[in-house]
Amino acid sequence: MTGWRRAGTPWIWLTAAAVAVSVLALAGIILLLAGQGVRSFWPAPVYQFTLRTPLAGQNQLLGELYARPSVPQQQLREAGVPLPPDAPATLTRLLIKTGNRDLASGPESTREFMLLAERDVLARRAPPDVLVLDREESGLAYGTLAGMLENGQPLVARNLAAELLRRIPENRALAARARHLQHHALARVNHRFEVLRLEERQLAMTGQLTPQAVSRLHAERIEVEYQFSRLTAELESINQDRQRDALLLRDAAGRIHTLPLSEVHNAWYPNAMSLPQKLMHTLRAGWAFLSENPRASNTAGGIFPALFGTVLMVVLMSVMVMPLGVIAAVYLHEYAGRHWLTRLLRIAVVNLAGVPSIVYGVFGLGFFVYVIGGSLDQLLFPQALPDPTFGTPGVLWAALTLALLTLPVVIVATEEGLSRIPVALRQGSLALGATQAQTLWRIVLPMAVPAMLTGMILAIARAAGETAPLMLVGVVKSVPALPVDTIFPYLHLDRKFMHLGFQIYDMALQSPNVEAAQPLVYATALLLVVMVVGLNLAAMGLRHSLREKFRSLGI
């Protein structure tokens, strides 16, 4: 036993166990997020429940069986729920997603979930003709198709269900065309209006607003107004075409509701779908989740703006932090002397890594936004004041704040890599006639690239998941336009942006419909984890290839 311990075998097993636990923990997190997040995309069966006691004047209820929680009897009695004397110690309740928000009457009109005692449900079945509507702003609606209208007149078709599923994509294509006009063509026209306004104000401020300049600006404004009226008329025509069709939905109580097809984002018959159809529906819903904009106050739709904003911010942060971190590490290790000031600087850098992230957010808001951004507005955009251009939170200041937050990580990792390069290589290069700068550029830095990539990996992993500082320097719940578009200069660093971390926070804690948004919270968290792991794996692969390149040199 003593020899087994002296050989270090227990430490080998302990290390292996720690690695195994870490891998299992990561796999468990991913499986949990994936299992809960897939509920957003999988077409769950919709049941028709027959109730023992009529609820809101009806004994039939349509909805998805969301959960079956077991609640102690004492807890129900304390909550004021009437129970019979012979009630069991633990009762099972059914959490049913009834949807139809804004369609029901009375106090149920804003509720999308209902909690029932299992003993109050006499029967349940899954009718094949149940229709699920994914609406643009009001969540899901359940019912049966009672008919369709075209220009207010009943639509006669051999197969109304197939006709509905055909017209919904056509309406969505019109909606996409309308969004393109709004976010691209009309955005360019509005941008031109703003440019003319600022140009006129700048000429007035500098005393150069001559009659000739006024005439030129007036002529350009007339041309832009003509383009605006033409695009507005085209947009109005598209919206009229979208309002042409409507469907009649019969709910569980037998009431008929008229829903414009422009309010319907998607529709399906979950109880009549085969397994391949459900898989295809799940894949399409997953792609829509990645490529579409959020809807219904972030409780439905996709997360493309948040995904795009996260990637853009991480890229900008990496571009900013890597040169600064590498230069600082090179100076501290290669040029700074070995004295008390250098030691003090290293201690300060290490301590900066432990500062709470919200402190960096406050610093970014005060220094980057108000001081630097306000100064830039005074120098470069005086004609736009008092409306700020850079003196307001935006993606540039968010990237700079995170670059400052992750700078100590890059400096420490790079300096550790520089310290592992043998002194003999430096001395050999100098002995052959190379200068210190040439030695640094041709020998030292290439061999320290793996350590630099290690610092970048750690910086990306921390920056991608940060939320608190971003809430002060640029991230918002919803943005009217992405930081990248077709308007010069194409990349607008002054705009606000969306972020996956803040999206998770908003859906989980600030959403008006937390239960409905819960699967989307898990799906978004899974995407954030996968993105961070993917970036880390890519950087680790590059680092490994570079290490193999220099392995022959003994590094």
Please state whether the rings of Tyr490 and Phe488 are parallel, tilted or perpendicular, taking 30° and 60° as the class boundaries.
perpendicular
Is Thr524 reaching over with its side chain to a backbone N or O of Ile504, donor-acceptor style, under 3.5 angstrom?
no
Closest heavy-atom pair and its distance - Gly35, Val38:
O-CG1, 3.4 Å
So His499 and Phe497, would you call those rings parallel, tilted or perpendicular, with 30° and 60° as cut-offs?
perpendicular
If we ignore angles and hydrogens, is there a donor and acceptor under 3.5 Å between the side chains of Asn171 and Arg242?
yes
Does Arg125 count as lying over the ring of Phe49, i.e. NZ or CZ under 6.0 Å from the six-ring centre, within 45 degrees of the axis?
no
For Gln182, the side-chain hydrogen bond (donor to acceptor under 3.5 Å, both in side chains) test, sequence neighbours excluded, returns none
If you count every heavy atom of other residues, nucleotides or ligands that lies below 6.0 Å from His218 atom NE2, does the total exceed 12?
no
Closest contact, heavy atoms only, Asn239 versus Ala178
OD1-CB, 4.3 Å
Please determine if Arg167 and Glu170 form a salt bridge, counting it only when a charged side-chain N lies under 4.0 Å from a carboxylate O.
no
Pairwise distance OG1(Thr50) to CD(Gln60) - rounded to 0.5 angstrom
4.0 Å
Verify, without hydrogens or angle tests, whether Asp134 (side chain) and Leu140 (backbone) share a donor-acceptor contact under 3.5 angstrom.
no
Stepwise salt bridge (charged side-chain N to carboxylate O under 4.0 Å, His left out) test for Arg250 and Asp129
CA-CA 11 Å; Arg250 181 183 291 110; Asp129 60 340; over 6 Å; no
Heavy-atom distance under 4.5 Å between the side chains of Thr401 and Leu472, does that happen here?
no
Roughly how far apart are Tyr505 OH and Thr467 OG1, rounded to 0.5 Å?
10.0 Å
Atom of Lys496, atom of Gly474 and distance for their closest heavy-atom approach
CB-O, 3.3 Å
Kindly write out the residues that satisfy ring pair (Phe, Tyr, Trp, His ring centres under 6.0 Å) with His265, not counting sequence neighbours, or none if the list is empty.
none
Going by an N to O cut-off under 4.0 Å, is there a salt bridge joining Glu220 and Arg192?
yes
N/O donor-acceptor pair under 3.5 Å between Arg201 side chain and Leu385 backbone:
yes
Just checking, Arg124 and Tyr47: is the charged tip under 6.0 Å from the six-membered ring centre and within 45° of the axis?
yes
Polar contact flag, side-chain donor to acceptor under 3.5 angstrom, Asp251-His257:
yes
Hey, does Leu116 have a side-chain heavy atom less than 4.5 Å from the side chain of Ile96?
yes
Sequence neighbours excluded, which residues qualify as ring pair (Phe, Tyr, Trp, His ring centres under 6.0 Å) partners of Phe368?
Phe363
Under a 3.5 Å distance rule, please check whether Asp506 uses its side chain to pair with a backbone N or O of Phe502 as donor and acceptor.
no
To the nearest 0.5 Å, how far apart are NZ in Lys97 and CG in Leu62?
14.0 Å
Is there a donor in the side chain of Ser357 and an acceptor in the side chain of Glu466, or the other way round, less than 3.5 Å apart?
yes
Would a 4.5 Å heavy-atom cut-off, applied to side chains only, mark Met273 and Met280 as touching?
no
Answer yes or no: does atom CZ of Arg177 have more than 12 heavy-atom neighbours from other residues, nucleotides or ligands under 6.0 Å?
no
For a 4.5 angstrom cut-off between non-hydrogen side-chain atoms, does Gln503 reach Ile303?
yes
Checking the side chain of Arg295 only, and the main-chain atoms of Glu137 only, is there a donor and an acceptor separated by less than 3.5 Å?
no
Neighbour count >12 (heavy atoms, 6.0 Å) for atom CZ, Phe308
yes
Hey, is the main chain of Phe289 close enough, under 3.5 Å, to the side chain of Glu292 for a donor-acceptor pair?
no
In the structure I gave you, are the side-chain heavy atoms of Val484 and His492 within less than 4.5 Å of one another anywhere?
no
For His281, run the ring-ring contact (aromatic ring centres under 6.0 Å, His included) check against Tyr269, Trp268, Phe41, Trp42 and tell me which one passes.
Trp268
For Thr389, what residues pass the side-chain hydrogen bond (donor to acceptor under 3.5 Å, both in side chains) criterion, not counting sequence neighbours?
none
Would you check if the side chain of Ser40 reaches a backbone N or O of Leu520 as a donor-acceptor pair within less than 3.5 Å?
yes
Whether Asn271 side chain and Val46 backbone form a donor-acceptor pair below 3.5 Å
yes
Is there a salt bridge (charged side-chain N to carboxylate O under 4.0 Å, His left out) between Glu200 and Arg221 once you walk through the steps?
CA-CA 11 Å; Glu200 181 178 9; Arg221 190 174 285 111; 3.1 Å; yes
Separation between CG of Leu396 and CZ of Arg495, rounded to the nearest 0.5 Å
14.0 Å
Beyond-backbone contact of Pro469 with Leu402, side-chain heavy atoms, under 4.5 angstrom:
yes
Please name all residues satisfying salt bridge (charged side-chain N to carboxylate O under 4.0 Å, His left out) with Arg68, sequence neighbours left out, ordered by chain then number.
Glu118
Smallest heavy-atom separation, Ala463 atom then Met313 atom, equals O-CE, 3.9 Å
Please identify each residue that fulfils side-chain hydrogen bond (donor to acceptor under 3.5 Å, both in side chains) with Gln227, with sequence neighbours left out.
none
Side chain proximity check, Leu149 to Leu155, heavy atoms < 4.5 angstrom:
no
Counting the benzene-type ring for Trp, do Tyr226 and Phe228 have ring centres under 6.0 Å apart?
no
Go through Arg101 and Glu112 one step at a time and tell me if the salt bridge (charged side-chain N to carboxylate O under 4.0 Å, His left out) criterion holds.
CA-CA 6 Å; Arg101 192 169 71 238; Glu112 197 167 347; 2.5 Å; yes
Using side-chain heavy atoms (C-beta onward) and a distance below 4.5 Å, is Glu225 in contact with Phe193?
yes
